Amino acid sequence: MMITTDVVRELLSDPKIFAALPDAMDDDADLALDSLGLVWFLHQLELRYGVEIEPAEAFLAEFTSVRRITDYLNDHHLAARP
């Protein structure tokens, strides 16, 4: 299973993370995800897709754009899954 940029964008569109994530925002545009938003994002990711990531693992430096989040998830967490 791969996580797509559309999936990441949908999860980030949660009002508890980004109340007004622009639909036309480029996948490489800079994001400023705070720690509470990160925890909620990871919680939703686990609930919806069964991907468990401890907040301490998910370095904010990796979560700076939709594309970087997608790449991080696919490269570090989904590649290792059976």
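From a predicted model like this one, the values you see are computed outputs, not experimental measurements. Sequential numbering from 1 along the given sequence is applied to the chain's residues.
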Item to check | Residues which pass salt bridge (charged side-chain N to carboxylate O under 4.0 Å, His left out) with E46, listed by chain and number, not counting sequence neighbours | outcome: none

Checklist entry - In the single-linkage hydrophobic clustering (I, L, V, M, F, W, Y; side-chain heavy atoms under 4.5 Å), do I53 and V39 co-cluster? => result no

Item to check | side chain to side chain contact (heavy atoms under 4.5 Å, CB included) against L47, all qualifying residues, sequence neighbours excluded | outcome: H43, Q44

Checklist entry - With sequence neighbours excluded, what pairs up with D71 under the side chain to side chain donor-acceptor pair (under 3.5 Å) test? => result none

Checklist entry - Among all residues two or more places apart in sequence or in another chain, which pass the side chain to side chain donor-acceptor pair (under 3.5 Å) test with D28? => result R67

Item to check | Separation of W40 CH2 from I17 CD1 (nearest 0.5 Å) | outcome: 8.5 Å

Item to check | Lys/Arg-Asp/Glu bridge criterion (N-O < 4.0 Å) met for D27, R68 | outcome: no

Checklist entry - What distance do E52 atom CD and L42 atom CG have between them, rounded to the nearest 0.5 Å? => result 11.0 Å

Next on the checklist: Donor-acceptor pair, distance only, cut-off 3.5 Å: does the side chain of R48 make one with the backbone of V7?
Outcome noted: no

Next on the checklist: Working to the nearest 0.5 angstrom, can you tell me the gap between L21 CG and L31 CG?
Outcome noted: 7.0 Å

Checklist outcome for this item: OG of S65 to CG of L12, rounded to nearest 0.5 Å, is 10.0 Å

Next on the checklist: Just verifying a value: how many Å separate F41 CZ and L36 CG, rounded to the nearest 0.5 Å?
Outcome noted: 15.0 Å

Checklist entry - From I3 CD1 over to L11 CG, what is the distance, rounded to the nearest 0.5 angstrom? => result 7.5 Å

